[in-house]
Amino acid sequence: MNEKVKRFVEGFLIDTFQRDLISWFEKEQRDLPWRKDTDPYKIWVSEVMLQQTRVETVIPYFHHFMEQFPTLEALADADEEKVLKAWEGLGYYSRIRNLHAAVKEVKERYGGKVPNRVEEFSKLKGVGPYTTGAVLSIAYGIPEPAVDGNVMRVLSRIFLVWDDITKAGTRKLFEGIVREIIDEENPSYFNQALMELGALICIPRNPACLLCPVQAHCRAFHEGVQGELPVKTKKTNVREMPIVAAVVQNECGKVLIHKRDSEGLLANLWEFPNCEVVHSRENPKTQLEIFLKEEYGVTVQLEQPFAALEHVFSHLIWNIVVYYGKIVSDIVETERLKLVDEHEISEYAFPVSHQRIWHEYKEKGTGG
DNA sequence: AATCCGTGGCC
DNA sequence: TGGCCAAGGAT
């Protein structure tokens, strides 16, 4: 065992801790839709949805997703547009592209059975160390650490770990600790219980230590420093980007939409035509008209703006001004540039800001 | 190692 | 109101 891990675990009452933690989980765990059974496919989908995403947000998506794609094969065979549409609004869209590719891989290479070995499962797209441990322990009872933000917070307090959890190497330290204290008989409940404790009791601010089932094991509580842990140094620096967009219709009332690039921000989602505004140049309206002519070969006539909105990402802010517009020229439709009827808009997956654009547009009328 | 990649809720 | 936060992974 790693020397550093050994120092943290020394003198820790592993058996008692496991009992206190798991018996609490058996009594207090929430009734969640992905806890009905241990179907590896369902566990996997839930874990991908839960990456950086709250339980309350995931629940309705999970229900809908399982109705549409009840089995791994159903998802593997599903149309890409429908899969993306089922993810609309969940964020981090590369997750679903990777999951779809990974599920196809499982169907082809493993006969549709989710592999139960670390070396195989962890190689699948979108599957990192956390997801590997979570799926293999919960679905197959394999004693692998599943170290997420909850677990790092809980363990940093219990073992008084002052290492910065925003550093890449710190997760490995916690994996080492978990390997020493995990319940080999019930790794599923052990891992879930650590996360559940982090979600219900050992929360970031004002943890409910007086209700904590493992209070007696917690070194931070013993020293009264639980509020100072975990240590996170990194601060978010967001930049702002002005965007000019337009809802453009032709004389038949069809709406111009564009599919974003397959990589990067909001990959493969649809959007209303837009571009970044460059300062010290023509006005935004003219910039977008030029952009659409040069990039899409479409001549449009933009009129007045009807909405201004903000789209806040984790690392970026779009300040969007939206214009009414009409198509002047002919248009060559492609895979990524389409004219669609208004009632077809709902079949395409848009980022939230563009959903709002459409909502505003319908509310204020198609005037121009 | 440092950045990029969504969204909504909270205090 | 705005910064922080949430069951991470890819590059």
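By convention in this document, chain letters (A, B, ...) are assigned in the order of the sequence lines, proteins followed by strands, and residues within each chain are numbered from 1. Bear in mind that the values here come from a model prediction, so they are computed numbers and not experimental data.
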Electrostatic pair A/K4:A/D163 at N-O distance under 4.0 angstrom: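 A salt bridge links A/K4 with A/D163.
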Touch check for [X], heavy atoms < 4.0 angstrom, all strands: base, sugar-phosphate only, or nothing?
X	result
A/L32	base
A/T53	base
A/V58	nothing
A/W87	nothing
A/R260	nothing
A/G264	sugar-phosphate
A/R153	sugar-phosphate

Proximal nucleotide (of B/dC4, C/dG8, B/dT7) relative to the A/Y130 side chain: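 My answer, after comparing the listed nucleotides, is C/dG8.
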Counting heavy atoms from C-beta on, name the nucleotide in C/dA10, B/dG6, B/dG8 closest to the side chain of A/H311. B/dG6
In whole Å, I'd like the distance from the [atom1] atom of [X] to the [atom2] atom of [N].
X	N	atom1	atom2	result
A/K172	B/dA1	NZ	C1'	13 Å
A/L269	B/dT7	CG	P	8 Å
A/M152	C/dG9	CE	C1'	13 Å
A/E263	C/dA10	CD	C1'	11 Å
A/F313	C/dG3	CZ	C1'	18 Å
A/R97	B/dC5	CZ	C1'	10 Å
A/N191	C/dG8	CG	P	13 Å
A/N206	C/dC5	CG	P	13 Å

Would you check if the distance from the ring center of [X] to the ring center of [Y] is below 6.0 Å?
X	Y	result
A/F62	A/W34	yes
A/F25	A/F190	no
A/Y361	A/F272	no

Is the closest side-chain donor-acceptor distance between A/R336 and A/N268 under 3.5 Å?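 A pair is found: one side chain offers a donor N or O, the other an acceptor, under 3.5 Å apart.
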Could you give the distance separating B/dT3 and C/dC4 at their P atoms, to the nearest angstrom?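 Rounded to whole Å, the distance is 16 Å.
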Taking the same atom, P, in B/dA1 and in C/dA6, what whole-Å distance lies between them?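 So the two P atoms sit 22 Å from each other.
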Need to verify one output field. Residue with the more 5' nearest nucleotide on DNA chain B, A/Q51 or A/E56? A/Q51
Mapping A/A168 and A/L265 to their closest nucleotides on DNA chain B, which lands nearer the 5' end?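 It is A/A168, whose closest nucleotide lies nearer the 5' terminus.
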Is a donor-acceptor pair below 3.5 Å formed from side chain A/Y92 to base B/dG6, judging by atom type as modelled?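 Between B/dG6 and A/Y92, which were checked side chain against base, a qualifying N/O pair under 3.5 Å is present.
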Let's test your reading of the model: under 3.5 Å, does the base of C/dG8 pair with the side chain of A/T131 as donor and acceptor?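 Answer is no: no donor-acceptor pair is held.
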